[in-house]
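The block underneath contains the structure these notes are about, expressed in structure tokens.
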Amino acid sequence: MSIELQYTAKQRALRQEVREWLQTNVPKKSLASYDTAEGFEAHRQWERTLHSGRWSMVTWPEKFGGRGLDLIEWLIFEEEYYRADAPGRVNQNGVFLFGPTLMEYGTDEQKARFLPRLASGEDIWAQVWSEPQAGSDLAALRSTAIRDGDHYVVNGHKIWSTRAVFADWGFALFRTDPASERHRGLSYIVFPLDTPGVRVRGIPQLDGEAGFAEIFFEDARIPVTNLIGAEGQGWSIAMATAGFERGLMLRSPARFQRTAQRLVELARRAQSDADPGLLASVTQCWMDAEAYALSTYMTASRLMSGGSIGAEASLNKVFWSELDLRMHRAAIGLLGARAELRDRLGESAQEDLREAMRWMDGFLFSLAGPIYAGANEIQRNIIAERVLGMPKV
Amino acid sequence: MSIELQYTAKQRALRQEVREWLQTNVPKKSLASYDTAEGFEAHRQWERTLHSGRWSMVTWPEKFGGRGLDLIEWLIFEEEYYRADAPGRVNQNGVFLFGPTLMEYGTDEQKARFLPRLASGEDIWAQVWSEPQAGSDLAALRSTAIRDGDHYVVNGHKIWSTRAVFADWGFALFRTDPASERHRGLSYIVFPLDTPGVRVRGIPQLDGEAGFAEIFFEDARIPVTNLIGAEGQGWSIAMATAGFERGLMLRSPARFQRTAQRLVELARRAQSDADPGLLASVTQCWMDAEAYALSTYMTASRLMSGGSIGAEASLNKVFWSELDLRMHRAAIGLLGARAELRDRLGESAQEDLREAMRWMDGFLFSLAGPIYAGANEIQRNIIAERVLGMPKV
Amino acid sequence: MQFTFDEDQRLAAQSLRDLLDDLCTGADLRRAAEACDATSFTVACATRRDRIKELGFDAALVPEAQGGLGLRPVDLVLLAEEAGRAALPEPLVETAGVALPLLAALAAIDPRADAVLPAAIGGAGIALRWPDSDLVVGIDTADLVLTAESETSLALYSVDQFEWVARESVDPLRRLTQLRARAVEPITVSRDASIPSLWREARRCAAVFDAAQLIGLADRMNALAVAYSLERKQFGKAIGANQAVKHQLANVQIQIEFARPVVYSAAGSLGGSLSAPTDMDTRWLDARVAHAAIAARDAADLAARTAIQVHGAMGYSWELDLQFYAKRSWALSGLHGGRSAHFRSLHEALMQQRIELGPDQLFGRSLPRGA
Amino acid sequence: MQFTFDEDQRLAAQSLRDLLDDLCTGADLRRAAEACDATSFTVACATRRDRIKELGFDAALVPEAQGGLGLRPVDLVLLAEEAGRAALPEPLVETAGVALPLLAALAAIDPRADAVLPAAIGGAGIALRWPDSDLVVGIDTADLVLTAESETSLALYSVDQFEWVARESVDPLRRLTQLRARAVEPITVSRDASIPSLWREARRCAAVFDAAQLIGLADRMNALAVAYSLERKQFGKAIGANQAVKHQLANVQIQIEFARPVVYSAAGSLGGSLSAPTDMDTRWLDARVAHAAIAARDAADLAARTAIQVHGAMGYSWELDLQFYAKRSWALSGLHGGRSAHFRSLHEALMQQRIELGPDQLFGRSLPRGA
């Protein structure tokens, strides 16, 4: 079939169904940040609500609590989700990274054990990868998991673990062969964050909230049944996960389209005072958010016709992270002195102050975009080497 | 003395004098391009006219035909020169590069021999440095000048030699020690371009005109009296020349201020149709041209107080070359479909068509800016290494 | 919803690419550019011109009922990209994408135009003079001229009813001419009420196909830059081993890859023929077309600048074939008001709330209002 | 024409820098930022505050006839840069550069203000509330408040005639407060005809000194990024050995180096005191001031983003002192309408031909018209 840019009746019906469900179920009051204890529990509750409507992981197979939606349907779901300003997904790492990994590499026992609780929001998952000396250079990991009977004894120091302060479980890479180097000898192991010998310390981020954590392991014992895949297979599993992360699903285009829409609305209100270059940059941002969405539809269509994801992951990562930063910078520029104010006056705050604070929150977060999930400079190397065939140095 | 941003009475008088002289002497009709035989001679004639008013090399000492002006006075002269839309300097390489080099490194005999004829426009000079395998990496030069009695016998192949098609003399770097490597064993030698064994072939550039040339040397004999400095000193002399080139004097700020002024005037006329982002970029260009001028005034003041030029040369090169390109891109954007037209309808062409062609000429030339005089990527390395102290790789 | 090309579309593009890889090389372009006059130019290109005609794409967008292939604009977009990639001197895209469909639409309402249509489908060349310009491309090989004083009428002339003078473009392969009408009668003039919408749709098609050509040009220029960077050595290594060069070329590729879907979606939203309704609300369509025009220009602009930089001094010389692609991209980028006009219209539509926004609006309104 | 600082100016800046290198380190800033309330904050900063007072810069711009040092704004610009480099929490620049000169100018025309001036010169703190904002910095240490409902009047209050509530800034070291006047009488209110021009000149000074602070901040942030890039290893080498990192940091330095002369020239063009005439035509002066505001913001914006990127995940954490400089730069960048307002005013002046252009106009008109 050739290019056809109209939705089918089935797709329209799905959109209608999602829209109606969200209209009924999205909390009227926005939830507190999931980087606070209270907000985390409110977001966990929202995961349960989503699950009750079978909307928590729409692309998963039905047997694991999903709806088996295809990628175009997933995009439609996401469009409606962001259109409704529904809460952020506190279990994002579980839904988009760990879940798909487990479906591909886990045993049936592991799937049965982890997936239903993940889907229902009973378990919230954190990614436990980086170490102080291993950020973008993940192969430099040093934390060890040494086999001792039917347990691994884990020692080491992980860092920049998102959501780990309040999450229940972590998925991690450890060195199971202490004599190994670089990407050999790493294994993919999951563990409850309250395992004895595991100590989680929140790291305050730029906005002062503990959005990530460092994790210290001192002879923590983790059952070998928590190994995903084979020993030593950790690197290739992790790279598959990284493909998901940088690729299609971690940052759905709807997120940026919604931000672009809010930005254009802000610009419309400010246009009588703002400088023309800034207003033009708003239009450019809107165009780029649209381009990202169109590109994702193309990739989704290609994947559904049997293609596989390649360097798009790196192209996408660079594009959306820099777009997100540009959008938030434009908003801060439009807000002028209002952008500075950070005090939570609660209910009494006027809507325009609350909006300004949302933009500053988003700006601070967007600064991290070019850094996490593989720094953009690394992604540009990958594009040059894998897409353009330029030499690796 | 502290910062004082008013001109002195003496400086104002100089400006007045320059302005009046140019009003009388600048040709009413713009000269043909100096990349044509006819235009070259017309520009040589203009050099003679300038010399007759003692304006051809204002910073040179009076004994060599100059006026001994200081750097601020030079800036004032240049401001008036560009304000008057006076012709381009066909002997630019001689005036700003070879002349100052000779004053520093030449013998009295050499100065007497070359400088007066240079100043009067009798000799037009070309820079003869690059070779096919040695562009930004000048130390890779291979052409040789082997001593044979009181001559050097020169063999090799030079390229990208600006103005060489019609010029009279060249200043060049040759390898006088054929066993030497990299920057050792190079010597600075000058020669008439009509020396037997020297063959000059014009290289058409993007606009089809031969703005530069390649030069083939086959056993060309050049007297040893044409060696500047000592044998083997060529690299350090050339680096001093490169400092002049990238530094203060090759691209006077007035040139870019004048371009920015014309660009703003173009934008003013186009503003009812043009996009606001493009108009804003015009304002940004104007600001940057002003910033470059202010920066040059600061550097000039510092040099006059006994400072020396350092990495400013690299900062300047990157800044003006990228600004020049941005200005011309903005103009092309404002011109729309008019920018495409290239036919010389001569006197019959309407002023707006002639203006459009000037912008396209300038655009094509501006594309070379980030390349010549040391590619900008090399300049950024230099800035990182010499100004910021980052590692050389 | 299916946003990917089918096998037929890919094969058609590949067949054109194969042909142009043979007959439209850098050396071919150089030979044509150095042809001293119009006649020798025409001779230099004759083989290629005939072979392209044989591919039979000219009448692709003419409805089947009128003797064409009845394809949609989106079926031609990859061909336009290939024409761009090769800096094809012949007006394949202009004829098949705009002029012939416009003539067919006129023929559907005007018997005198209808009488000429079979000859045009059979290979008679058609030049198009837009109402707001006096310059025409491809008059050398044209038999017919479509033109008008304003967008409320449409006139068809035989080419020998004009005199012309050659005008020089920055692109030596764009054969620009300026027409002067002799005082004679056109074959026909129509002032039908549908004419303004035909002109509007023709402009949309022209914008989209020019954008597709620019994508092809950008892709070619980046490929040339990559190849040169691997071959050229400085400081003892290929310049392409420098991270700065790698990142610059990666940036170009990013720009190209995110312009493509915009151009393709604009093409996919155009109507089946110039007089058929489009799938989209026209304000949305205009926005998407403007977006395609801008995105493709930005990609070509960055690609050209970067490729010239990477080539160093060589990039600035006439000796390098890169110039043909760069100059074509500059010439096409200025057409129809250039980026500035497209951006301004899109910007005003956004700021004055003439189009609806939101994640569900990507292909126009996805559900009825208030759903 | 002499565009370089003299020895005195350099030494004054160096003395402030030395003091702040000792007393305004990252650790000092962190201690102050973590002070749980206004009182403990004030205590944490007390030593530095006293030492800065001892340097005696506060009355620098007050005319000698009124008991000040009679210096020009340009004499303060390097000090402002140093205050920025250190992210100094105390309102040194705001007091010495704007509030005290404004009080002095008022004192020159209003005896009741004149009566208060000696105390202010002697060290009484002055807070300034601009007519178009209800937020004030530095009320904790203020004794007097200058304010007005509009720019046609200027009122002086004792600080205890207000109540205030703390407001939180993105910059934890900017002590923002929102004032509520108690229903009492000001010390004085002037509606003299010169008041609007005093406010305008005060705004120019504020813009220039904020710009100078932003330059200092940008320079500090780039220095931190360079240092980290040399120290942090990935893939077996310092990240600063990567060409991409080198070029990014070089770009920041270029931006800074070409912003500096703009800021310095704007400072050099300001009048000797708020009521003294400036050297330049005011339309030119406004353009140069706006330019300084924009250039400094752009440098600080790029420096902050680049430094955070170079620091990787660390750059996003509260643990890193970089945040204090970045947040100060964001807070200052929004003031007085931010980049947008400055750019718009400059853009309109250019496009509407309100300033004369040309290579000879750099410092305002260089010769009489028609020369």
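All of these numbers come straight from a predicted model, not from anything done at the bench. Just so it is clear: chains get the letters A, B, ... in the order the sequence lines come, proteins before strands, and each one is counted from 1.
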Residue part contacting chain A, namely of [X], when any heavy atom lies under 4.5 Å:
X	answer
Gln353(C)	both
Arg344(C)	neither
Asp8(C)	neither
Leu249(C)	both
Asn222(C)	side chain

Original post:
Any donor-acceptor pair under 3.5 Å linking the side chain of Arg72(C) with the backbone of Ile3(A)?
Top reply: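 At least one qualifying donor-acceptor pair exists.
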Original post:
So, Glu257(C) side chain and Leu315(A) main chain: donor-acceptor pair closer than 3.5 Å or not?
Top reply: no
Original post:
Can you name the residues that form a salt bridge (charged side-chain N to carboxylate O under 4.0 Å, His left out) with Glu78(A), not counting sequence neighbours?
Top reply: none
Need one label for [X]: side chain, backbone, both or neither, based on atoms under 4.5 Å from any heavy atom in chain C.
X	value
Leu279(A)	both
Ser305(A)	side chain
Glu80(A)	side chain
Glu265(A)	neither

Residue pair [X] / [Y]: nearest heavy atoms and the distance that separates them:
X	Y	result
Gln253(C)	Val387(A)	CG-CG1, 4.1 Å
Lys246(C)	Pro391(A)	NZ-O, 2.8 Å
Leu5(A)	Ser269(C)	CD1-OG, 3.9 Å
Ala291(A)	Phe258(C)	CB-O, 3.5 Å
Leu388(A)	Val226(C)	O-CG1, 3.4 Å
Arg268(A)	Ile355(C)	NH2-O, 3.8 Å

**OP:** Taking the six-membered ring for Trp and the single ring otherwise, decide whether the centroids of Phe3(C) and Tyr297(A) are under 6.0 Å apart.
**Re:**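 No, the ring of Phe3(C) stays outside the 6.0 Å limit from the ring of Tyr297(A), centre to centre.
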**OP:** Using the six-membered ring wherever Trp is involved, compare the ring planes of Tyr7(A) and Phe363(C) and label them parallel, tilted or perpendicular (cut-offs 30° and 60°).
**Re:** perpendicular
Original post:
Can you tell which of Glu79(A), Met298(A), Glu385(A) has the highest number of heavy-atom pairs within less than 4.5 Å of chain C?
Top reply: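 Ranked by contacts with chain C, first place is Met298(A).
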Subject >> Ser2(A) versus Gln9(C), side-chain donor and acceptor atoms under 3.5 Å >> reply: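 Yes, Ser2(A) and Gln9(C) have a side-chain donor paired with an acceptor closer than 3.5 Å.
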Original post:
Between His247(C) and Glu377(A), is any side-chain donor less than 3.5 angstrom from a side-chain acceptor?
Top reply: yes
Original post:
Considering only heavy atoms from C-beta outward, does the side chain of His347(C) approach that of Trp286(A) to under 4.5 Å?
Top reply: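 Sidechains of Trp286(A) and His347(C): no contact.
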